Amino acid sequence: MAVIKKRQDFLALRNARRTSSRCFLMLSRKNPENGESLRLGLTVTKKLGGAVIRNRIRRRLRAAAREIFPLHGNVGTDYVLVARKAAYDRNYAELLDDMKRALLSQRRDIK
RNA sequence: UGAGGCGGGCAUGCCGCGCGGGUAGCCCGUAGAGCGGAGGCGGGAGGAAAGUCCGGGCUCCAUGGAGACAAGGCGCCGGGUAACGCCCGGCCGGGCCGUUCGGAAACGGGCGGUCUGAGGGAUAGCGCCACAGAGAAUAUACCGCUCCGGACUUGAUCCGGAGUAAGGGUGAAAAGGUGCGGUAAGAGCGCACCGCCGUAUUGGUAACAAUGCGGGCAUGGCAAGCCCCGCCUGGAGCAAGACCGAAUAGGGACGGCGCGCUGGAAUCCGAAAAGGAGGAAGGCGGGCGGGUCUUCGCGCCCAGUCGUCCGGGUUGGUUGCUUGAGCGGGCAUGCAAAUGUCCGCCUAGAGGAAUGGUCGUCACGUUGCAAAACGUACAGAACCCGGCUUACAGACCGUCUGGCGCU
RNA sequence: GCGGGCGUAGCUCAGGGGUAGAGCGAAACCUUGCCAAGGUUUAGGUCGUGAGUUCGAAUCUCAUCGCCCGCU
């Protein structure tokens with residue numbers, strides 16, 4: 001699972017399919033350059049808090065993505081998660097569940 | 001026993017699965033490897049990492065000297081330090097407390113303790129000091145006080161003149177204070193004490209202090225108003241900078257055409273010291289040279305365009321990148337900050353950026369009979385140090401202060 | 001990383017040591033058959049917060065909080 005780094009790549013997702021959840025907003029877009037792998041980008045804005053809070057949110061989302069994406073993610077797709085405040089202290093099991101639902105929802109849209 | 005102040009260090013630990021970096025060797029993949037994979041091993045945020053308020057190191061840029069100006073900062077003295085606006089010690093001022101002396105008291109002085117101060121200069125100059133008040137920096141006669149003259153209504157009267165800063169009142173501030181003398185009433189007018197100014201001596205490295213002598217006192221406050229004096233400061237910042245290096249636009253060299261003013265060399269044409277072609281060096285002028293200006297120098301530039309050839313910068317990669325004014329301990333010097341010396345130790349180096357979830361256990365706190373539940377601050381390195389400032393749950397150690405209880 | 005600016009009435013802003021102001025808005029009244037416009041009057045302020053300098057601070061100084069902007 002690769003990481004989206006460039007600003008341009010993030011901007012490409014601006015008008016993509018979006019699925020809202022309590023902890024995040026998920027955006028996804030088919031990217032033919034990816035081949036058999038998928039890419040993930042995280043957006044955690046300064047609005048959510050200081051460095052400590054932002055780091056924690058980033059880590060939790062990343063840890064959850066490591067578990068869920070290989071099982072339910074769509075190959076050859078760029079995903080971006082825009083974090084929301086709830087990601088800071090939401091129960092971890094619920095966070096995993098949210099992410100799974102979001103991915104399945106996105107998959108259904110493709111079909 | 002329970003509070004508060006000050007100082008010091010600590011900042012839940014352990015285990016398993018994950019995450020990022022490193023790694024001698026081994027195994028697998030591969031034609032092979034310095035590449036990739038698996039496992040093992042070792043290590044992985046702070047006291048403030050924060051704010052970016054100061055001071056440095058480091059790196060690059062800038063042309064060298066002299067002078068002036070500007071801008072900004074600092075400001076008692078001595079020491080510490082790489083340096084500082086920081087730290088330590090002292091001086092002086094201010095607040096509070098205690099004690100003592102004088103006094104009827106108010107209050108004033110001495111000594112001690114403690115807290116605290118952006119603490120040079122206000123007789124270098126300029127400026128400001130609202131309102132109130134008679135008068136506010138060349139001080140000032142409103143009510144008063146005193147004396148003299150006059151009036152007639154002969155009195156706690158009125159008018160005029162002179163003297164007077166002791167009293168009233170205003171104000172943040174009324175131009176030394178208190179007391180005695182003195183006087184028409186008063187006044188440093190005179191005297192004593194305190195304060196102030198000057199000066200000498202002594203003590204102290206010094207700030208300054210003590211004492212003597214002289215001076216009736218001339219010198220209101222504000223410089224975090226302008227300013228004066230002394231001292232300091234070149235600019236940018238690791239996105240600095242270095243190396244490797246795609247495409248495309250741009251750069252350099254050579255040649256052609258062409259090129260501010262002046263100047264005219266070599267060379268060529270010509271028989272020629274005539275004339276012509278030719279245009280170099282130099283001069284002048286202009287521009288740039290990291291705050292500005294002046295002066296003396298210095299360096300670079302004063303077109304472009306076409307053709308040929310050549311090497312450098314942006315994306316990316318590598319590096320800078322962690323051994324350092326380092327940390328711990330002992331000893332010595334010093335009141336201390338700190339310094340010296342010896343021994344030991346190596347403790348993050350990421351790059352859209354590593355620590356999350358959870359099981360159990362441990363510590364503390366709250367709730368609860370208990371089981372247990374919940375909570376554990378402020379907060380995340382980004383080149384590195386020294387400070388300052390701000391945020392902060394909790395418990396620990398040392399020290400000081402007064403309270404209550406017991407002996 | 002480096003640098004700059006702002007914070008004053010409900011809103012937009014003046015005031016740069018001496019009693020906090022203007023415009024718009026709000027409220028009441030007048031005017032009108034009613035509304036608008038117009039007129040008169042009134043209320044409304046920890047001057048972001050905390051210290052310091054000063055007799056006196058919105059103003060000067062320092063610290064702090066929040067917001068905005070620029071350069072690389």
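As the structure is a computational prediction, the values presented were derived from the model and not from experiment.
- More than 90° away from 0 lies the glycosidic angle of G279(B), which makes this nucleotide anti.
- Judged by closest nucleotide on RNA chain B, Thr43(A) is the one of Thr43(A) and Tyr88(A) placed further toward the 5' end.
- Atom-to-atom, CZ of Arg58(A) to P of A353(B) comes out at 7 Å; the value is rounded to the nearest Å.
- Comparing the same atom, P, in G120(B) and in A48(B) gives a spacing of 32 Å after rounding to whole Å.
- Pairing for C392(B) is absent, with no Watson-Crick or G-U wobble pair whose two atom distances lie under 3.5 Å.
- C129(B) and G67(B) have their C1' atoms separated by 42 Å, given to the nearest Å.
- What separates CG of Leu95(A) from P of U358(B) is a distance of 11 Å, to the nearest Å.
- Leu95(A) places a side-chain heavy atom less than 4.5 Å from the side chain of Leu61(A).
- Summarising the base pairing, C243(B) is matched to G317(B) through a Watson-Crick or G-U wobble pair whose two defining distances lie under 3.5 Å.
- Nucleotide A192(B) has U178(B) as its partner under the Watson-Crick or G-U criteria, with both atom distances under 3.5 Å.
- Using P as the reference atom, A373(B) and A11(B) are 28 Å apart when rounded to the nearest Å.
- Atom CG in Leu40(A) sits 11.5 Å away from atom OG in Ser28(A) (nearest 0.5 Å).
- G42(B) makes up no base pair with any nucleotide shown, lacking Watson-Crick or G-U wobble contacts both under 3.5 Å.
- At the heavy-atom level, Arg60(A) lies under 4.0 Å from the strands shown only through sugar-phosphate atoms.
- Between the CD1 atom of Ile53(A) and the P atom of U355(B) there is a distance of 17 Å, rounded to whole Å.
- The pairing partner recorded for C62(C) is G50(C), the criterion being a Watson-Crick or G-U wobble arrangement whose two distances lie under 3.5 angstrom.
- Side-chain contact between Asp98(A) and Arg90(A) is present, with at least one heavy-atom pair separated by less than 4.5 Å.
- Its glycosidic angle being within 90° of 0, G21(B) falls on the syn side.
- In this structure, Arg60(A) forms no cation-pi arrangement with Tyr88(A), as its terminal cationic atom is not both closer than 6.0 Å to the ring centre and no more than 45° off the ring axis.
- Using a 4.5 Å cut-off on side-chain heavy atoms (C-beta onward), Arg58(A) and Asn55(A) make contact.
- Remark: side-chain polar atoms of Arg22(A) are not paired, donor with acceptor, to backbone N or O of Arg84(A) under 3.5 angstrom.
- Residue Arg62(A) places at least one side-chain N or O under 4.0 Å from the OP1 or OP2 atom of A353(B).
- U322(B) shows a glycosidic angle within 90° of 0 and is accordingly assigned syn.
- The side chain of Tyr92(A) lies closest to G357(B), out of A379(B), G18(B), G357(B).
- The C1' atoms of A106(B) and G179(B) are separated by 16 Å, rounded to the nearest whole Å.
- In this entry the distance linking CD1 of Ile57(A) with P of A379(B) reads 15 Å, nearest Å.
- Of the N and O atoms on the side chains of Thr19(A) and Arg101(A), not one donor lies less than 3.5 Å from an acceptor on the other residue.
- Base pairing annotation: A11(B) forms no Watson-Crick or G-U wobble pair, as no partner gives both donor-acceptor distances under 3.5 Å.
- For G340(B) and A239(B), the P atoms lie 34 Å apart once the distance is rounded to whole Å.
- Counting any heavy atom pair closer than 4.0 Å across all strands shown, Arg54(A) reaches no nucleic acid atom.
- Glycosidic conformation of U295(B) is anti; the angle lies outside 90° of 0.
- For the P atoms, the distance from G365(B) to C396(B) is 9 Å, rounded to whole Å.
- Between Leu96(A) atom CG and G356(B) atom P the separation is 16 Å, expressed in whole Å.
- For Arg56(A) against G357(B), no side-chain N or O and base N or O form a donor-acceptor pair under 3.5 Å.
- Straight-line distance from the CG atom of Leu61(A) to the C1' atom of G352(B): 14 Å, rounded to whole Å.
- In terms of position along RNA chain B, the nucleotide closest to Arg59(A) lies nearer the 5' end than the nucleotide closest to the other residue of the pair Arg59(A) and Asn55(A).
- Applying the Watson-Crick and G-U wobble criteria (two distances, each under 3.5 Å), A82(B) pairs with nothing in any strand.
- With C1' as the reference atom, U183(B) and U146(B) are 10 Å apart, rounded to whole Å.
- Summarising the base pairing, C309(B) is matched to G252(B) through a Watson-Crick or G-U wobble pair whose two defining distances lie under 3.5 Å.
- Separating the C1' atom of U64(C) from that of U390(B) is a span of 8 Å, rounded to the nearest Å.
- Nucleotide A45(B) carries a syn base; the chi torsion (O4'-C1'-N9-C4 or O4'-C1'-N1-C2) is within 90° of 0.
- Side-chain atoms of Arg66(A) lie closest to C19(B) of the nucleotides A379(B), C19(B), A381(B).
- With values rounded to the nearest 0.5 angstrom, Leu81(A) atom CG is found 5.5 Å from Met99(A) atom CE.
- Between the CD atom of Glu67(A) and the P atom of U358(B) there is a distance of 11 Å, rounded to whole Å.
- Across the protein-nucleic acid pair, Asp97(A) atom CG and G357(B) atom P stand 18 Å apart, rounded to whole Å.
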